[in-house]
Amino acid sequence: MLKYLDEVVRSGSIRRAAEKLHVASSSINRQIIELEAEMGTPLFERLPRRLRLTAAGEILITHIRRTLRDHERTHFRIKELGGIGRGTVRIATMNGLASGLMSNMCSDFMAEFPGVRFEIRSLTAREIVTAVEDGEVDFGLGYNLVPGAKHRIVEVFETALVVVAAAGHPLAQKPLVRLSDLEGHALVLSDPSLTIRKIVDEACARSQVVLRPRFETNSVQMMKFMVHRGGAVTFLSPPDIDGECRAGIFVALHLRDRMASNPLLLIERGAAAASPSSAVFASRLQARLRQLTGPAARS
């Protein structure tokens with residue numbers, strides 16, 4: 001019944017839902033009528049060509065979808081009771097982490113455990129918190145997350161922005177740089193929608209340095225492309241460039257200027273029990289992040 005209602009909402013009509021589910025339209029319609037009678041209120045508005053949820057229907061479908069996700073998670077956990085190396089690891093993270101640290105970690109893990117598959121969702125900080133709370137993912141990893149009462153903070157890593165340059169860039173030979181050293185070099189900055197920009201702007205104000213970027217974007221992948229192919233420099237956190245630094249493509253240059261930290265949080269739903277594969281992957285992820293950022297601030 002729950003899947004029937006979910007598909008009716010997704011399809012917009014009982015007929016299309018019945019075709020997808022390979023059941024009779026009359027069966028789905030009868031169950032909806034019975035449920036509306038039990039609830040004492042309509043769940044759908046019957047429009048000429050489609051069905052539209054009522055306010056009561058919106059409340060019910062939210063509960064149904066959460067129940068279906070919990071059922072699926074339970075099903076996977078039961079299947080994985082035999083140990084590591086099976087099932088799906090679901091992670092919500094940010095686009096820089098997805099294209100940096102996470103891509104290498106997942107690739108290495110799948111090479112060791114071919115039976116494991118990954119679902120990586122690139123989301124904003126708020127969306128990561130919601131995805132973890134709703135049980136859509138096993139855990140979330142992101143900068144400056146604000147978890148709620150239903151979350152458990154697994155660990156917080158205090159990361160600091162570094163100047164990122166290609167290995168052959170003139171600044172790459174400097175062990176430390178100042179913000180003023182970047183003047184005259186092609187610079188790509190995140191736009192104000194990312195926290196990176198606020199941290200950089202505040203540091204420039206303290207050091208009385210004016211940086212004029214030639215390129216602004218909200219895409220970390222674009223920032224990395226401009227460093228690699230455009231000869232630019234930018235600001236990112238070490239986990240975002242882990243793969244490129246290990247491959248010798250990028251160099252991370254530490255700043256003499258004081259810059260605010262960019263805390264990276266690993267969170268999970270408080271009541272959830274991680275599957276064996278997810279638990280092992282999270283443990284390895286924590287170990288790698290400690291190497292990149294130093295001792296954990298809080299766990």
Side-chain angles (χ1 to χ4, degrees), residues 1-80 87-95 97-99 102 106 116-142 145-151 193 218-219 221 267-272 275 278:
M1 177 60 184
L2 299 186
K3 288 185 177 180
Y4 289 0
L5 281 171
D6 183 44
E7 190 55 52
V8 168
V9 174
R10 295 181 189 278
S11 301
S13 83
I14 292 174
R15 180 183 59 80
R16 286 195 292 269
E19 290 172 354
K20 288 185 180 180
L21 295 168
H22 305 290
V23 297
S25 297
S26 58
S27 175
I28 296 178
N29 188 50
R30 184 175 62 255
Q31 293 192 52
I32 291 175
I33 292 171
E34 289 174 357
L35 185 58
E36 287 179 324
E38 181 184 335
M39 293 284 184
T41 184
L43 300 175
F44 292 96
E45 292 180 48
R46 271 71 171 177
L47 302 177
R49 294 187 178 180
R50 64 188 179 93
L51 296 179
R52 183 169 65 193
L53 285 170
T54 62
E58 292 280 1
I59 294 171
L60 181 63
I61 198 64
T62 299
H63 168 72
I64 285 172
R65 288 175 175 169
R66 190 166 296 176
T67 301
L68 288 172
R69 285 194 295 267
D70 286 343
H71 173 76
E72 185 181 4
R73 286 168 60 86
T74 301
H75 176 70
F76 274 115
R77 288 198 196 106
I78 291 171
K79 287 182 66 176
E80 290 182 334
T88 303
V89 180
R90 297 174 174 83
I91 305 163
T93 190
M94 295 176 167
N95 70 71
L97 292 162
S99 65
M102 200 65 72
C106 293
V116 173
R117 62 185 295 270
F118 282 86
E119 291 181 6
I120 308 297
R121 300 180 61 185
S122 179
L123 304 172
T124 65
R126 183 176 297 177
E127 290 169 340
I128 291 172
V129 170
T130 300
V132 172
E133 180 175 338
D134 290 347
E136 295 177 0
V137 294
D138 300 319
F139 57 88
L141 180 71
L145 301 183
V146 184
K150 295 183 180 179
H151 300 90
S193 68
N218 67 345
S219 168
Q221 286 179 287
I267 64 172
E268 64 183 12
R269 195 166 58 157
S275 69
S278 292

Shortest non-hydrogen contact from [X] toward [Y]:
| X | Y | value |
| --- | --- | --- |
| Thr88 | Asp138 | O-OD2, 3.7 Å |
| Phe139 | Ile267 | CB-O, 3.1 Å |
| Ser193 | Asn218 | OG-CB, 3.5 Å |
| Glu45 | Leu53 | OE2-O, 4.3 Å |
| Ser25 | Ile14 | O-CG2, 3.6 Å |
| Phe44 | Glu36 | N-OE2, 3.4 Å |

Distance (rounded to the nearest 0.5 Å) between [X] [atom1] and [Y] [atom2]:
| X | Y | atom1 | atom2 | value |
| --- | --- | --- | --- | --- |
| Leu97 | Ile128 | CG | CD1 | 8.0 Å |
| Asp134 | Lys150 | CG | NZ | 8.5 Å |
| Met94 | Leu123 | CE | CG | 9.0 Å |
| Glu127 | Ser122 | CD | OG | 9.0 Å |

Going by atom type alone, with no hydrogens or angles, which donor-acceptor pairs under 3.5 Å involve a side-chain atom of residues 55-65 and a protein atom two or more places apart or on another chain?
from  : atom 1 : to    : atom 2 : distance (Å)
Thr62 : OG1    : Glu58 : O      : 3.0
Arg65 : NE     : Asp6  : OD1    : 2.6
Arg65 : NH2    : Asp6  : OD1    : 3.2

Those residues that, when tested against Ser26, pass side chain to side chain contact (heavy atoms under 4.5 Å, CB included) (two or more places apart)
Ala24
If you count the non-hydrogen atoms of other residues, nucleotides and ligands that lie under 6.0 Å from CZ in Arg126, is the total more than 12?
no
With a 4.0 Å cut-off on N to O distance, would you call Arg121 and Glu119 a salt bridge?
no
Give the C-alpha distance, both sets of side-chain angles, the deciding distance and a yes or no for side-chain contact (heavy atoms from CB on, under 4.5 Å) between Ile28 and Ile32.
CA-CA 6 Å; Ile28 296 178; Ile32 291 175; 4.0 Å; yes
side-chain contact (heavy atoms from CB on, under 4.5 Å) between Arg90 and Glu136: does it pass, once the steps are laid out?
CA-CA 8 Å; Arg90 297 174 174 83; Glu136 295 177 0; over 6 Å; no
Verdict with reasoning, Val137 to Ile91, per side-chain contact (heavy atoms from CB on, under 4.5 Å):
CA-CA 5 Å; Val137 294; Ile91 305 163; 5.8 Å; no
For Glu19, the salt bridge (Lys or Arg N to Asp or Glu O under 4.0 Å) test, sequence neighbours excluded, returns Arg15
Applying side-chain contact (heavy atoms from CB on, under 4.5 Å), run through His151 and Leu145 and close with a yes or a no.
CA-CA 11 Å; His151 300 90; Leu145 301 183; over 6 Å; no
Look only at the side chain of [X] and the backbone of [Y], and say whether a donor-acceptor pair between them is shorter than 3.5 Å.
| X | Y | result |
| --- | --- | --- |
| Glu7 | Ala17 | no |
| Thr54 | Pro42 | yes |
| Thr93 | Leu141 | yes |

